[in-house]
J.: 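Please find one structure pasted underneath; my questions will follow.
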Amino acid sequence: MVVLTSKQSASPLRRGAIYLISALSAFGAGAALAQDSDGGSDSDYDDNYDETLNPGLGRTPRFIFSPSVRAGVRYRVNSDFSLDFMVRHKHAGLEPPMVVRGTNASAAVRASLRIGEFNWRNQIDVKQTFVNFYGPKDYAALVVSTGLSREFALGESGWNFTPIASVAFQQANDRLLNRLKYSLEGAFGYNLTDQLSVSFGPRAEVRVYTSYPLHRVDTIFALGGGFDYEVTKGFNIGSELSYQFSKSSLSRARFSQWLLEPQIKARFTF
């Protein structure tokens with residue numbers, strides 16, 4: 001595998017990320033107002049707010065507001081196999097007085113396969129991060145991930161429980177950010193109405209940096225909950241509030257914070 005360095009600002013990886021994001025953004029924007037024919041979980045395997053990767057941003061905030069917008073297209077090959085093409089825009093932490101600490105633009109392709117009661121997802125992301133609101137470029141990366149989940153009905157209560165186990169590898173143009181990520185989460189969900197559902201549960205992540213000069217391992221433990229409301233077929237709004245504790249073997253850094261993540265999602269299925 002070729003390792004890119006942060007000095008290669010015009011690297012093929014960075015150019016490819018920008019081109020793919022731009023192309024899929026134009027395609028996804030046209031689908032944003034289209035209709036979706038089915039529901040289902042849209043849990044992402046990419047990072048949530050990732051403060052420990054940017055120690056140069058200054059003090060660690062205790063409350064993060066991180067909104068995101070996502071648009072996508074789903075193609076159903078058959079009843080057990082589907083392909084998703086998605087684009088997403090996300091801010092990483094707006095603080096008083098509404099200062100954006102970072103911005104993330106990404107595009108992804110996901111293949112979902114149902115095997116019996118299990119759902120197996122494989123995803124490729126290209127992402128470009130910026131300092132502040134589309135300010136100086138921070139880094140570009142390619143992320144390959146795979147995950148397995150299964151939904152369990154909790155008797156006749158109407159509640160369900162869905163554990164998700166996943167692993168991902170990130171190759172960045174800054175080799176210090178190359179890493180493996182192992183995550184395990186469990187979500188308890190309940191449908192209040194046909195359009196409104198709520199969920200909550202824990203999440204644990206271990207991030208092992210493969211090219212760091214010193215041994216670096218970050219761990220994150222979080223507990224959160226939120227809601228998802230289907231405004232119309234294919235268009236959802238929601239939000240999640242979580243409390244997470246993070247620590248790193250690098251300089252024994254550790255901190256905790258609240259994270260609020262409003263979301264707008266649109267998807268067209270054919």
Side-chain angles (χ1 to χ4, degrees), residues 1 17 39-53 66 68 70 72 74 80-88 90 92 104 106-127 129 139-152 160-172 177-189 197 199-212 216-226 228 236 238 240 242-249 259 261 263 265 267:
M1 180 175 293
S41 173
D42 269 329
S43 178
D44 290 319
Y45 297 134
D46 56 357
D47 296 331
N48 290 319
Y49 183 73
D50 199 356
E51 177 72 19
T52 56
L53 293 184
S66 184
S68 65
R70 189 178 71 192
R74 168 171 292 180
D80 295 323
F81 181 61
S82 63
L83 294 171
D84 286 88
F85 305 88
M86 301 170 290
V87 292
R88 191 180 71 167
K90 185 174 184 178
N104 177 291
S106 61
V109 178
R110 175 193 294 169
S112 301
L113 177 65
R114 179 165 294 278
I115 306 173
E117 298 297 325
F118 292 89
N119 189 23
W120 182 29
R121 286 181 173 175
N122 298 277
Q123 186 165 315
I124 299 176
D125 293 77
V126 289
K127 64 179 181 180
T129 65
Y139 71 95
L142 174 71
V143 183
V144 180
S145 59
T146 183
L148 195 65
S149 64
R150 181 183 176 182
E151 182 178 308
F152 296 90
N160 60 73
F161 175 69
T162 305
I164 303 174
S166 63
V167 60
F169 177 72
Q170 173 175 285
Q171 173 79 2
L177 300 182
N178 294 342
R179 72 187 183 203
L180 280 166
K181 183 179 73 171
Y182 307 93
S183 63
L184 183 64
E185 60 182 292
F188 294 90
S197 62
S199 64
F200 70 93
R203 185 185 82 253
E205 295 182 3
V206 178
R207 300 172 180 175
V208 181
Y209 291 81
T210 59
S211 303
Y212 219 82
R216 179 180 178 181
V217 178
D218 293 354
T219 55
I220 297 176
F221 303 95
L223 179 64
D228 185 83
N236 293 54
E240 179 179 349
S242 61
Y243 182 79
Q244 65 180 30
F245 173 78
S246 306
K247 65 177 182 178
S248 175
S249 61
L259 178 64
E261 299 179 285
Q263 301 175 4
K265 298 180 290 185
R267 187 179 66 199

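Every heavy atom of this structure was used, including side-chain atoms; hydrogens, water molecules and symmetry mates were not.
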J.: Nearest 0.5 Å, please: how far is CG in Asn122 from CG in Leu113?
T.: 8.5 Å
J.: Checking side-chain contact (heavy atoms from CB on, under 4.5 Å) against Met86, which of Arg74, Arg110, Arg267 comes through?
T.: Arg110
J.: Do the non-hydrogen side-chain atoms of Ser68 and Glu261 ever get within less than 4.5 Å of each other?
T.: no
J.: Please report the shortest heavy-atom distance between Ala204 and Phe221, naming the atom on each side.
T.: CB-CD2, 4.0 Å
J.: To the nearest 0.5 angstrom, please state how far the CD atom of Glu240 sits from the OG atom of Ser199.
T.: 6.5 Å
J.: Considering all heavy atoms of both residues, which atom of Phe81 and which atom of Ala111 are nearest to each other, and what is their separation?
T.: CE1-CB, 4.0 Å
J.: Answer yes or no: is there an ion pair linking Asp228 with Lys265, defined by an N-O contact shorter than 4.0 Å?
T.: yes
J.: Nearest 0.5 angstrom please: Ile164 CD1 to Arg121 CZ, how far?
T.: 7.5 Å
J.: Nearest 0.5 Å, what's the OH-CZ distance between Tyr212 and Arg179?
T.: 12.0 Å
J.: Determine whether Leu184 and Tyr182 make a side-chain contact, defined as any pair of heavy atoms from C-beta on separated by less than 4.5 Å.
T.: no
J.: Between atom CG of Asn178 and atom CD of Gln170, what is the distance when rounded to the nearest 0.5 Å?
T.: 7.5 Å
J.: Starting from the C-alpha separation in whole Å, work towards a yes-or-no answer on side chain to side chain donor-acceptor pair (under 3.5 Å) for Asn104 and Thr129.
T.: CA-CA 4 Å; Asn104 177 291; Thr129 65; 5.9 Å; no
J.: Are side-chain heavy atoms of Asn119 and Ser112 found at a separation under 4.5 Å?
T.: yes
J.: Hey, mind stepping through Gln244 and Arg203 against side chain to side chain contact (heavy atoms under 4.5 Å, CB included) and telling me if it holds?
T.: CA-CA 9 Å; Gln244 65 180 30; Arg203 185 185 82 253; 3.4 Å; yes
J.: So does Val217 get a backbone contact from the side chain of Ser249, meaning a donor-acceptor N/O pair under 3.5 Å?
T.: yes
J.: Under 30°, 30 to 60°, or over 60°: which ring-plane class applies to Phe188 and Phe200, parallel, tilted or perpendicular?
T.: parallel
J.: I need the Asn160 CG to Arg150 CZ distance, nearest 0.5 Å.
T.: 12.5 Å
J.: Mind listing the closest non-hydrogen atom pair of Ile115 and Trp120 along with its distance?
T.: CD1-CE3, 4.1 Å
J.: Give the minimum heavy-atom separation between Ala107 and Val87, together with the two atoms involved.
T.: CB-CG1, 4.1 Å
